[in-house]
Amino acid sequence: GGGGGAAPPPIKSFKDMRLPPAVLEHLKARKILKPTPIQIQGLPAVLSGRDLIGIAFTGSGKTLAFTLPLVMFAADEERRLP
């Protein structure tokens with residue numbers, strides 16, 4: 001993680017974040033239809049391998065911003081297993 005330079009630009013929709021269709025469907029089923037401000041800024045950073053510190057109120061979407069990339073990474077690793 002880490003790295004200097006410019007942070008990735010904010011992305012204002014889950015679809016534009018190129019999340020897998022199954023993830024998009026799961027979010028929609030849970031009535032999570034658009035990212036919160038911390039997700040708009042944080043998910044592109046984490047998905048691009050950057051380190052992130054997020055400070056926001058309870059209920060702002062921080063947990064999804066750092067756990068969704070972990071789930072996606074684990075799913076990608078599982079697909080690579082023989």
### Query
Any donor-acceptor pair under 3.5 Å linking the side chain of Lys15 with the backbone of Leu24?
no
### Message
Strictly below 4.0 Å, N to O, side chains only: are Asp16 and Lys12 in salt-bridge contact?
### Response
no
### Atom CD of Glu78: over 12 foreign heavy atoms under 6.0 Å
no
### Summary
Heavy-atom closest pair (Pro8 atom, Ala45 atom, distance to 0.1 Å) is CG-CA, 3.7 Å
### Query
So, does Gln41 use its side chain to make a donor-acceptor pair with the main chain of Ile38 at under 3.5 Å?
no
### Query
Is the count of non-hydrogen atoms from other residues, nucleotides or ligands lying under 6.0 Å from Leu81 atom CG greater than 12?
yes
### Message
Atom CG of residue position Leu33 - does it have more than 12 heavy atoms of other residues, nucleotides or ligands inside 6.0 Å?
### Response
yes
### Task
Side-chain contact test, heavy atoms from C-beta onward, threshold under 4.5 Å: evaluate it for Leu27 versus Leu19 and give yes or no.
yes
### Query
Which distance, rounded to the nearest 0.5 Å, do you find between the CE of Met72 and the CE of Met17?
10.0 Å
### Summary
The reported gap from NZ in Lys62 to CZ in Phe57 (rounded to nearest 0.5 angstrom) is 9.5 Å
### Task
Please report the shortest heavy-atom distance between Gln39 and Lys34, naming the atom on each side.
OE1-O, 4.4 Å
### Query
Atom CZ of Phe14 and atom CG of Leu64: how far apart are they, to the nearest 0.5 Å?
5.5 Å
### Summary
Looking only at heavy atoms, the pair that brings Ser60 and Thr36 closest together is O-OG1, 2.6 Å
### Message
Would you say that Leu43 contacts Leu68 through its side chain, given a criterion of any heavy-atom pair below 4.5 Å between the two side chains?
### Response
yes
### Query
Side-chain heavy atoms under 4.5 angstrom apart, residues restricted to Ile, Leu, Val, Met, Phe, Trp, Tyr: same cluster for Val23 and Ile11?
yes
